[in-house]
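Below, chain A is the first sequence line, B the second, and so on; all start at residue 1.
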Amino acid sequence: MSSSNQQQFRYTQTPSKVLHFRNLPWECTDDELIDICSPFGKVVNTKCNVGANRNQAFVEFADLNQAISMVSYYASSSEPAQVRGKTVYIQYSNRHEIVNNKGPGDIPGNVLLVTIEGVEAGDVSIDVIHLVFSAFGFVHKIATFEKTAGFQALIQFTDAETASSARNALDGRSIPRYLLPEHVGSCNLRISYSAHRDLNIKFQSNRSRDYTNPMLPVNQTAIDGALQPVIGPDGKKKEPESNVLLATIENMQYAVTVDVLHTVFSAFGTVQKIAIFEKNGQTQALVQYPDVTTGAAAREALEGHCIYDGGYCKLHLTYSRHTDLNVKGQMPSWDPNQQEFTQSCLSAPGTLPPGQAVPPFPGYLPPATGSPLTQSNHIDHNASSMGITQPGVPGALPHAHMPPGIQPYYG
DNA sequence: AGCACA
């Protein structure tokens with residue numbers, strides 16, 4: 001009589017309004033669970049990313065009969081339950097309710113505490129963090145540090161709503177691989193709310209940034225990757241596209257270094273290689289992305305824009321016929337296999353004109369006047385409201401889109 | 001592909 005528990009891997013478990021899902025795709029979302037469950041009844045609670053592989057989940061229906069209908073439907077269906085095309089297995093849970101343990105980190109606030117698992121501090125630059133989180137709104141400040149939990153970042157948004165949209169979208173996800181050094185394995189983001197309201201950033205550095213205060217003393221000459229990327233209208237194919245862009249740079253008031261270009265162009269995807277050269281007395285650069293889509297997105301968003309405010313360093317972009325640059329041994333060129341991103345980013349800008357103030361951070365990209373290719377309606381043509389370099393004017397893109405090329409990795 | 005506390 002005591003052997004009935006041996007039957008647990010059968011369909012003979014006692015029904016529960018809580019269902020147990022297994023073999024889910026990696027980091028399945030609540031929404032995906034609700035999508036397949038809601039036809040059978042009202043979902044009142046979910047808990048996903050459960051188990052060592054984070055591929056299990058629980059769904060609690062409002063009513064037991066709803067759970068029964070779902071289990072019995074798939075028990076007799078010729079088509080198994082699927083999420084993202086993957087067959088998932090559904091059983092009654094051996095519990096009768098989902099318990100949600102709300103900790104302090106679940107109390108919403110405008111500052112997120114992000115733990116980046118599986119990486120060292122040097123693996124994920126602050127620019128990458130900023131890029132990823134800027135997709136959800138204006139990032140005011142970032143502070144990174146290492147604790148026993150690992151590499152962590154505090155990320156300050158304007159309000160709790162923005163912070164929560166970022167948390168909902170990114171918690172449990174990974175930073176896209178192409179934004180990370182090759183040696184990094186997985187790097188899951190674990191996101192909770194911080195009790196902080198306003199971070200106290202003392203320096204712009206490789207560890208902390210205040211994007212609302214560009215006058216803050218700069219430590220280690222951190223270059224900001226604070227480009228708000230803009231998604232141009234898709235479906236326009238006028239010229240042969242390429243993964244390599246040819247940039248001509250007009251009105252070079254400031255030196256345009258490999259690092260500056262890397263910062264600007266990295267907002268759209270991995271910049272694999274950069275080569276700068278002179279042609280006909282004009283500075284040109286070739287910028288290589290891994291794929292045509294990224295190249296096209298970068299061209300669409302950057303064409304005709306200036307790297308610095310005041311019409312300086314205006315970019316004109318065309319598609320190169322190159323597909324793979326050979327930059328080995330050529331300086332000033334850049335290849336991530338030869339030069340670490342962080343080293344590259346933190347190198348001192350010794351090339352500024354004498355007596356010149358440090359230029360505004362790259363990323364301040366007011367639209368060029370009359371550029372026929374500047375067609376994003378997301379750009380505010382009042383340049384004073386564009387940039388992160390403007391204190392107190394956050395959110396040129398208040399509902400900024402996911403940077404091109406990143407979105408699929410979260411989907 | 002087999003039951004959570006984060």
Side-chain angles (χ1 to χ4, degrees), chain A residues 3-34 36-37 43-61 64 66-68 70-109 111-119 145-155 163-164 166-175 186-196:
Chain A
S3 64
S4 62
N5 283 344
Q6 303 292 331
Q7 305 286 323
Q8 60 173 328
F9 291 165
R10 310 264 297 262
Y11 292 105
T12 53
Q13 292 161 283
T14 62
S16 163
K17 61 182 160 57
V18 179
L19 298 182
H20 174 239
F21 291 68
R22 56 195 158 85
N23 199 38
L24 287 162
W26 173 249
E27 301 291 6
C28 174
T29 65
D30 292 293
D31 286 339
E32 287 174 308
L33 287 174
I34 292 170
I36 64 166
C37 294
V43 175
V44 296
N45 208 348
T46 60
K47 181 183 279 288
C48 59
N49 309 143
V50 164
N53 296 327
R54 303 197 172 281
N55 59 359
Q56 300 176 44
F58 298 92
V59 169
E60 181 177 337
F61 281 99
L64 176 63
Q66 297 168 350
I68 292 174
M70 184 166 190
V71 168
S72 44
Y73 173 84
Y74 284 113
S76 60
S77 168
S78 57
E79 288 292 316
Q82 289 188 327
V83 173
R84 289 183 225 169
K86 203 174 173 216
T87 296
V88 302
Y89 301 88
I90 307 173
Q91 292 173 288
Y92 299 114
S93 172
N94 53 26
R95 302 197 197 179
H96 287 84
E97 64 178 358
I98 292 177
V99 292
N100 275 353
N101 308 296
K102 289 249 194 230
D106 295 314
I107 301 165
V111 178
L112 296 178
L113 173 61
V114 179
T115 303
I116 307 173
E117 298 174 341
V119 302
F145 47 92
E146 280 189 287
K147 281 272 183 73
T148 50
F151 183 44
Q152 294 189 306
L154 289 163
I155 300 174
S164 114
R167 187 183 109 113
N168 291 338
L170 295 178
D171 189 23
R173 308 304 180 87
S174 299
I175 293 175
S186 63
C187 84
N188 289 326
L189 301 173
R190 299 260 74 104
I191 305 178
S192 60
Y193 295 104
S194 164
H196 287 93

Nearest whole angstrom, please: distance from the [atom2] of [N] to the [atom1] of [X].
X	N	atom1	atom2	answer
A:D106	B:dA6	CG	C1'	8 Å
A:N53	B:dC3	CG	C1'	14 Å
A:L113	B:dA6	CG	C1'	12 Å
A:Q56	B:dC3	CD	P	6 Å
A:N100	B:dC5	CG	P	11 Å
A:F21	B:dA4	CZ	P	16 Å
A:R167	B:dA6	CZ	P	13 Å
A:D30	B:dA6	CG	C1'	15 Å

Item to check | Residue mapping more 5' on DNA chain B - nearest nucleotide basis, A:K86 or A:R54 | outcome: A:K86

Next on the checklist: Nearest heavy atom decides the nucleotide; on that basis, is A:I98 or A:N55 closer to the 5' end of DNA chain B?
Outcome noted: A:N55

Checklist entry - Which residues pass the side chain to side chain donor-acceptor pair (under 3.5 Å) test with A:S192, sequence neighbours left out? => result none

Checklist entry - Looking only at heavy atoms, what is the nearest atom pair of A:A163 and A:L112, with distance? => result O-CD1, 3.5 Å

Checklist entry - When you check the phosphate oxygens OP1 and OP2 of B:dC3, does a side-chain N or O of A:R22 lie under 4.0 Å from one of them? => result no

Checklist entry - Do you see a donor-acceptor pair shorter than 3.5 Å between the side chains of A:N45 and A:N100? => result yes

Base, sugar-phosphate, or nothing: which does [X] touch, judged by heavy atoms less than 4.0 Å apart?
X	answer
A:R190	nothing
A:E60	nothing
A:V99	base

Checklist entry - So, are A:R173 and A:E27 salt-bridged, with charged N and O less than 4.0 Å apart? => result no

Checklist entry - Nearest of B:dC5, B:dC3, B:dA1 to any side-chain atom of A:Q13? => result B:dC3

Checklist entry - For A:D30, what residues pass the salt bridge (Lys or Arg N to Asp or Glu O under 4.0 Å) criterion, not counting sequence neighbours? => result none

